[in-house]
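Order of appearance sets the numbers: ligands from 1, and atoms from 1 within every ligand. These numbers come from the heavy atoms of this one structure, side chains and all, not from hydrogens, waters or symmetry mates.
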Amino acid sequence: MSFPRCDQTVAWQALSGHFQAHGHKLDLRTLFADDPDRVARLSLDAPEMVADLSRGHWDVATRQHLLGLAAECGIEARRDAMLRGDAINQTEGRAVLHTALRAPRGQGPQSELVHGVLDRMFAFVDATLASGRFTDVVNIGIGGSDLGPQMVVPALDAFCAPGLNFHFVSNVDGQDLAAVLQKVKPATTLFIVASKTFTTQETMANAQAAKQWFLDAGGTDLATHFVATTTNVEAAAEFGVTTTFGFWDWVGGRYSLWSSIGLPIALALGSANFRALLDGAYAMDQHFAQAPLADNLPIQLGLLDVWYRNFKGYSSRCISPYHHGLRRLPAYLQQLVMESNGKCVDEAGEPLPYGTSEVVWGEPGTNGQHAFYQMLHQGTDTIPVEFILVKQPSYRNADALSPALKGLLAEQHRMLLANGLAQAQALMWGKSTAEAAGESAPTASKAMAPEAIARHRTFPGNRPSLTLLLDEVTPRSLGALIALHEHRTFVSGALWGINSFDQWGVELGKAMCKELLPRLGSGDVSGLDPATAAMIGRLA
Ligand code: F6P
């Protein structure tokens with residue numbers, strides 16, 4: 001199956017023309033003034049959420065051109081190829097089937113394998129929770145074997161069973177592990193060694209150190225206290241683990257939280273809630289597979305990403321979840337988007353003449369407002385902001401709160417929402433110099449002319465954002481939200497004509513590290529470049 005790259009299409013030429021004629025000068029304030037139905041026209045319903053894309057730097061004509069681009073690039077056929085399990089990850093000769101992990105039993109490819117592991121995992125989770133033998137779970141893994149569970153467990157804190165504490169150790173810096181080991185006891189701790197390959201340096205080093213700590217403390221029942229989640233069952237057995245939950249090479253690391261890599265999530269939430277997470281993702285999969293292009297949220301977002309990156313020249317996007325539980329979502333999305341689409345050659349290995357992955361970054365609101373929002377409002381770059389607003393708050397043990405405290409927290413939730421709404425509004429409307437000049441200014445230096453002060457207090461406005469609105473962060477809605485981002489990443493990657501499912505870019509540094517490691521002991525700098533040699537001279 002072969003489809004043109006985005007820049008080889010007629011639609012791309014049409015988009016370029018549209019950009020030159022109108023697209024470069026879209027102003028949100030004019031767009032809203034000219035189209036009273038803009039919000040309705042550019043809002044979409046998708047499973048578990050509503051998306052308001054009306055504050056984006058696009059209009060109906062842009063969207064039509066982008067839909068033409070999607071059609072010409074064969075996005076539906078590419079999507080279907082992924083969903084049915086074609087080996088679309090060609091550089092590794094693999095299928096890409098994370099969607100199979102959340103399909104109900106008997107549906108989708110590989111169902112028997114998937115549900116076989118899920119059944120074992122759920123039996124383990126149920127028995128472990130019923131036994132009450134553990135107080136702490138330590139997940140040792142990095143990248144895709146860490147970020148998913150590390151993001152989801154706090155996001156769903158309100159759904160977590162009490163009595164079990166979760167710790168995530170990822171960094172090869174021993175400070176990460178040592179801090180956790182201070183807090184846990186060998187007799188009541190379950191270690192999960194999570195690694196697709198079971199060869200990752202950081203994870204293997206941390207797992208060995210944790211094992212040493214366990215044995216030093218007189219721990220004897222290693223098989224009960226260490227389990228593994230991996231595709232490399234043999235290596236796990238060699239490490240001394242007898243309980244292993246497998247997955248398969250057709251699950252990419254950054255797409256693996258739905259597999260046994262999600263074991264910490266299942267332990268935190270219980271099996272039924274883990275199933276609900278999968279169901280939410282499955283609902284989004286169905287939407288992605290079936291909704292017409294114009295109503296398909298992952299497709300719309302992937303198209304918007306291409307428009308922003310390649311025409312509007314926006315090289316980053318800020319994730320701003322107004323929900324404290326989602327505080328690790330930006331970090332999770334960094335790996336998902338940047339490891340998937342940070343590529344400079346197309347599927348055929350040809351250098352790309354346009355930009356690919358944008359930089360993804362962010363912090364939860366309202367914290368971000370007191371850090372980088374200054375730049376978002378008045379900086380020289382335009383950075384699209386993605387607000388996630390949640391109608392209902394969720395707190396652990398909410399029933400135990402006094403009515404008075406509930407009232408205060410409800411007011412705090414309104415503050416949170418008002419802040420999110422206000423930021424989107426301020427980014428769009430801005431404030432003119434005339435408006436700023438009309439305000440009573442705070443005391444400023446007498447040497448400064450009032451007009452100059454007003455210019456400092458001017459907001460250019462016309463800064464784009466989008467808003468995803470969820471009723472509540474539940475296992476189901478979070479599953480849908482994550483799957484939305486997975487598919488959106490696939491869409492922009494497919495339009496760019498890249499393989500979003502390999503990650504060769506992480507290999508060079510790993511190989512060089514292997515070569516340098518013994519030199520830090522020996523001090524041998526022969527054959528090294530001068531900068532590395534000089535630094536080793538200082539360190540060794
Ligand atoms: O960072 C590179 C990477 O290969 C990621 O793709 C992966 O999620 C991570 O390392 C961890 O790999 P593993 O699960 O094999 O330990």
Legend entry - Contact with ligand 1 for K510, non-hydrogen, under 4.0 angstrom: yes
Inset, instruction - Check whether any N or O atom of T203, backbone or side chain, sits under 3.5 Å from an N or O atom of ligand 1, and answer yes or no. - result: no
Inset, instruction - With S500 as reference, evaluate N341, T356, N89, T489 under the side chain to side chain donor-acceptor pair (under 3.5 Å) test and give the passing residue. - result: N341
Inset, instruction - Please determine if D146 and R328 form a salt bridge, counting it only when a charged side-chain N lies under 4.0 Å from a carboxylate O. - result: no
Inset, instruction - May I ask you to check whether E202 and N206 show a side-chain donor-acceptor distance below 3.5 Å? - result: no
Legend entry - Check: T91/D502 side-chain N/O donor and acceptor closer than 3.5 Å: yes
Legend entry - Distance filter under 4.0 Å to T200 heavy atoms, resulting ligand 1 atoms: 12 (O), 13 (P), 15 (O), 16 (O)
Legend entry - Close-contact set for ligand 1 against I142 heavy atoms, below 4.0 Å: 9 (C), 11 (C)
Legend entry - Ligand-residue contact atoms, ligand 1 with S145, heavy atoms, under 4.0 Å: 13 (P), 14 (O)
Inset, instruction - Please examine the side chains of F490 and R78, heavy atoms only from C-beta on, and report whether any two atoms are closer than 4.5 Å. - result: yes
Inset, instruction - Examine G144 against ligand 1 and note whether any of their N/O atoms are separated by less than 3.5 Å. - result: yes
Inset, instruction - Decide yes or no for C6 and W496: does some side-chain heavy atom of the first lie under 4.5 Å from some side-chain heavy atom of the second? - result: yes
Inset, instruction - Pick one of side chain, backbone, both or neither for how T197 approaches ligand 1, counting any non-hydrogen atom pair under 4.0 Å. - result: both
Legend entry - Identity and distance of the protein heavy atom lying nearest atom 1 (O) of ligand 1: E339 OE2, 3.3 Å
